[in-house]
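To start, the structure itself, in structure tokens.
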Amino acid sequence: MKIWIAVLLILTALAYAGLFLSLSNPPFTDAPNHLARAAIMKSLWFDAPSPFQGMFSARRFFMPYMLPDLGFILLVRKLGVERAYPVWSALSMLSLALGVWVYARQLLETSWAMVAAMLCSWYFATNYLFILGFFSFQWGLAAAFVALGALESWRREKTQWWIALYAVACFVCYGAHMACFAILAGMAGATGLARIYRKEQTPVRLAWELLPFVVLATYHFPMVPTHPETPAKTIASKIGDKFGHFLEAMFVRQSFVIDRPILVLFGAIVVGAIWFGMRHRVDLRRHWQLALVSGLGVALYFALPSGLGAIAYVDQRALPFLFIPLLMLALRIFESAGPSRRHITLLIVACFLLAAANLGSLARFLPRQSRRVTEYRQAIAAIPEGLVVLSVDAQPRDGNTWPLRHVGSFYPADRNGYTPYLFSQQNGSGPSGYFLDVSTIYRPDQNWYLHKETPDWGKLVETYDYVIITKPWRPERLDLSRFVLHYENAAATVFRVRR
């Protein structure tokens, strides 16, 4: 039986890794921007002379978002832009599965509960924010759950190994994503205070647990540049919208029709495990810490705004800190109930069906979208190198995803040229502390086409050499007298600007 379970886990991992590695051009919304930034930073730091000199600048400065970029830069150097892109996407997905495994390993007592957690981890690892290309957030999440798992073991065993792992994971979490680091600090502090109240640890012990956060905060506030969106306008959601998105926001990716039944299956696993434990009179107070962490995730989601300036999905970033601990809570309750072999088998089958259905959902749309992105990169290849190119996204979302929103970023990555919408201080994004767009050229709003706005055609013609626009587009939205058709395929049209 154990051999079959091991084979099942290995085959599941290979199926997920194989799917993501097979995507030659992963269609994750922000991912091309990450690729372009890695390619530009690698060129600025290691190529002499760099074709990006005078367009961008990159500082060697440790701050949030930097660590994932350094990993991506290393892959670009070793594998090249073409091969590094799918490998980094797959590694980003696998990182959270590994983080969940470390977390579960410290909380669960039985091997079959670990199997259930690992099968469900693929559902978390392919969450909606990952599909949106939030790679830095994904790495930050993975580090946060490694830290929470190490903290749990440190509180039990007090060994140097867990102390070291906890400190390193906190450091990595900070270097990956500030939101994950802040939430991790809140989770560690809140559970520590509760343990002091319950007389399970001392204030001195809590001070040691919070020391990594104090050290990094002492470094961060005087040294790291203020985010360009600070102070920023908050975008609040109506309470009805909050409740409406509460369950679906993390798990509905491309198709509402397909992903909602999968979410129902996940809910049935969690609710069924808790209900089974309650029927067998499990003392829920034994698992108060997991319940507290899950409750903090709920509170953060409803307390946070939906947006902060140009930063979107702010509140949804708290949801993994609800659902992952909630699964662990359900499995711990189920373990404590002493289930029979039949009940354990039912749980494992349900978790395997979740992993299989989730993989099927991803396989339904990711390869198709990847082919579309590949066609777009072919259009990019038709543009001469080293020029100034305006990318226009005219395609509405595909289901609940935007696979072509940032594909214009392939031009600097593939052709060593300039495009105006890379994440930097120009658009108030996270890497602006170390990655700067130093160009002062005219740049229309990135979504001017979809928002039915009109750019300044005169300035546009003076500034850009080529324009590439995704299909389908409407001729009346463009001043075609200013352009000459250069190339087109099923995904995009390339125009040379008349001079």
Side-chain angles (χ1 to χ4, degrees), residues 62-64 67 99-109 139-224 283-304 317-329 331-333 336:
F62 179 66
M63 61 173 288
L67 280 183
V100 172
W101 176 81
V102 173
Y103 185 53
R105 188 75 179 82
Q106 315 318 315
L107 295 169
L108 303 176
E109 296 179 351
W139 285 95
L141 268 184
F145 280 102
V146 170
L148 287 173
L151 178 60
E152 178 68 22
S153 288
W154 179 19
R155 285 170 172 169
R156 289 198 311 260
E157 302 176 18
K158 302 180 181 180
T159 61
Q160 293 181 348
W161 157 250
W162 293 116
I163 297 172
L165 181 60
Y166 173 66
V168 169
C170 290
F171 175 85
V172 173
C173 185
Y174 168 82
H177 203 279
M178 192 63 190
C180 293
F181 180 73
I183 294 174
L184 172 62
M187 299 287 185
T191 55
L193 288 172
R195 286 169 60 86
I196 291 172
Y197 176 78
R198 293 169 58 90
K199 296 181 172 52
E200 295 180 8
Q201 73 176 55
T202 65
V204 173
R205 170 59 185 264
L206 177 60
W208 281 108
E209 292 174 356
L210 296 181
L211 182 61
F213 303 102
V214 173
V215 171
L216 288 166
T218 303
Y219 163 81
H220 179 89
F221 288 108
M223 299 292 293
V224 176
D283 185 2
L284 301 183
R285 291 174 296 181
R286 291 175 52 197
H287 312 296
W288 66 268
Q289 194 162 303
L290 282 170
L292 174 61
V293 171
S294 300
L296 289 171
V298 175
L300 278 172
Y301 170 76
F302 283 101
L304 290 170
R317 301 178 198 227
L319 291 177
F321 293 92
L322 157 64
F323 287 109
I324 295 174
L326 182 62
L327 175 69
M328 302 306 156
L329 173 62
L331 292 175
R332 283 294 293 121
I333 292 172
S336 301

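Counting begins at 1 with the first residue of the sequence.
Ring centers of Y301 and F323: at least 6.0 Å apart, outside the cut-off. Between Y174 and F213, the ring centre distance reaches or exceeds 6.0 Å.
Taking CG from L290 and CG from L284, the interatomic distance works out to 12.0 Å, rounded to the nearest 0.5 Å. Between atom CG of residue L141 and atom OH of residue Y103 there is a gap of 12.0 Å, rounded to the nearest 0.5 Å. A distance of 9.5 Å separates OG1 in T159 from CG in L165, rounded to the nearest 0.5 Å. Atom-to-atom distance recorded for R155:CZ and W162:CH2 is 14.0 Å, nearest 0.5 angstrom. The SG atom of C180 lies 4.5 Å from the CZ atom of F321; values are rounded to the nearest 0.5 Å. E152 contributes atom CD, which lies 8.5 Å from atom CD of Q106 (distance to the nearest 0.5 angstrom).
The environment of R285 atom CZ is sparse: at most 12 non-hydrogen atoms of other residues, nucleotides or ligands sit within 6.0 angstrom. More than 12 non-hydrogen atoms from other residues, nucleotides or ligands lie less than 6.0 angstrom from CH2 of W288.
M223 is not listed as a side-chain neighbour of F62, based on a closest heavy-atom distance of 4.5 Å or more. Side-chain contact check for S336 versus H287: some heavy-atom pair is nearer than 4.5 Å. Contact check for M328 versus V100: side-chain heavy atoms found under the 4.5 Å cut-off. Looking only at side-chain heavy atoms (C-beta outward), Y219 and V224 come within less than 4.5 Å of each other. Annotation: side chain of F145 is not in contact with side chain of V102 (no heavy-atom distance under 4.5 Å). Residues P64 and H220 form a side-chain contact, since some pair of their non-hydrogen atoms from C-beta on lies under 4.5 Å apart.
A donor atom on one side chain and an acceptor atom on the other are not found under 3.5 Å apart for T191 and Q289.
Across S294 and L322, no two heavy atoms sit closer than the pair O-CD1, 3.5 Å. For the pair A194 and L292, the tightest heavy-atom approach, listed with the atom from each and the gap, is CB-CD2, 3.8 Å. A pairwise comparison of heavy atoms in A318 and I183 identifies CA-CD1, 4.2 Å as the closest pair. Between A291 and L329 the shortest heavy-atom distance is CA-CD2, 4.1 Å. Among all heavy-atom pairs drawn from A188 and L151, the shortest one is CB-CD2, 3.9 Å. Closest of all the heavy-atom pairs between P222 and A217 is CD-O, 4.2 Å.
Listed for the R205 side chain is no donor-acceptor partner under 3.5 Å among the backbone atoms of E200.
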For this session: For W139 and L67, run side chain to side chain contact (heavy atoms under 4.5 Å, CB included): C-alpha distance rounded to whole Å, both residues' side-chain angles, the deciding distance at 0.1 Å, then the answer.
Result: CA-CA 9 Å; W139 285 95; L67 280 183; over 6 Å; no
